[in-house]
Amino acid sequence: IKNLKLKNSYFASTETRFGSIAGYGVGKFENIYSDAIVVGKDSMVGGLIGQVGGAGATLEKCWFAGTVTNKANGTGILNNGRGTGGLIGYMNGVTNLTNCLNSGTVDVLMLTSSGVIDTRAGGFVGHSDAGYGWI
């Protein structure tokens, strides 16, 4: 995906793998901007991408300036409690971030489901099981 700008958008879902650009992303994302309000109620919620998969991704000149809120709080499956992040909720593929920015906010309620308590959240990535590169 290249040269995409989302302005004044609102996205809400109760599903896993959820973001304003892609739920599940691999490949190259270049020159992307989103100031969306993203409201999730499960795991892998990201401002831009919910989950970067095993094939990995490259994010270049990507900027999230919106709000990511995860309101699962026991109502979602939480898929092993994987994260909520400003750019990417969860990544398990090698990911390169070049000249990327999150000037938005990430808000996560304490996530509880089936005895699991989890608050994995981050400005760029909520949770990672993969290698990554920062430039």
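Every value quoted in this text rests on a predicted model; they were computed, and no experiment measured them.
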Of all residues at least two apart in sequence or in a different chain, which pass the ring pair (Phe, Tyr, Trp, His ring centres under 6.0 Å) check with Phe11?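 So Phe11 forms no ring pair (Phe, Tyr, Trp, His ring centres under 6.0 Å) with any residue.
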Salt bridge (Lys or Arg N to Asp or Glu O under 4.0 Å) contacts in which one or both residues fall within residues 90-108, not counting sequence neighbours: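 Qualifying pairs, neighbours excluded: none.
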Please collect all salt bridge (Lys or Arg N to Asp or Glu O under 4.0 Å) contacts where either partner lies in residues 22-35, sequence neighbours excluded, each pair once.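 Sorted result for residues 22-35: Lys7-Asp35, Lys28-Glu30, Lys28-Glu60.
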[X] versus [Y], closest heavy-atom pair with distance:
X: Asn3; Y: Asn31; value: OD1-ND2, 2.7 Å
X: Gly40; Y: Val45; value: CA-CG2, 4.1 Å
X: Lys61; Y: Cys100; value: N-SG, 4.2 Å
X: Val68; Y: Gly46; value: CG2-C, 4.1 Å
X: Asp42; Y: Glu15; value: CB-O, 3.8 Å
X: Ile49; Y: Gly25; value: CG2-N, 3.7 Å

Spacing of [X] atom [atom1] and [Y] atom [atom2] [to the nearest 0.5 Å]:
X: Leu59; Y: Asn99; atom1: CG; atom2: CG; result: 11.5 Å
X: Leu48; Y: Leu87; atom1: CG; atom2: CG; result: 5.0 Å
X: Ser34; Y: Trp63; atom1: OG; atom2: CH2; result: 11.5 Å
X: Met44; Y: Tyr24; atom1: CE; atom2: OH; result: 10.0 Å
X: Gln51; Y: Asn92; atom1: CD; atom2: CG; result: 5.0 Å
X: Ser43; Y: Tyr90; atom1: OG; atom2: OH; result: 10.0 Å

With a 3.5 Å distance limit and no angle check, can you tell me whether Asn102 reaches the backbone of Gly123 through a side-chain donor-acceptor pair?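 Between the backbone of Gly123 and the side chain of Asn102 there is a qualifying donor-acceptor contact (under 3.5 Å).
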Applying side-chain contact (heavy atoms from CB on, under 4.5 Å), name anything that partners Thr105, two or more places apart in sequence or on another chain.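 side-chain contact (heavy atoms from CB on, under 4.5 Å) check on Thr105 returns Thr67.
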Sequence neighbours excluded, the answer for side-chain contact (heavy atoms from CB on, under 4.5 Å) partners of Ile1 is Leu4, Ile21, Phe29, Ile32
What residues form a side chain to side chain donor-acceptor pair (under 3.5 Å) with Asn8, not counting sequence neighbours? none
Are Phe18 and Val38 close enough that some pair of their side-chain heavy atoms sits under 4.5 Å apart? yes
Do Phe124 and Ile88 land in one hydrophobic cluster if side-chain heavy atoms of ILVMFWY residues count as linked below 4.5 Å? yes
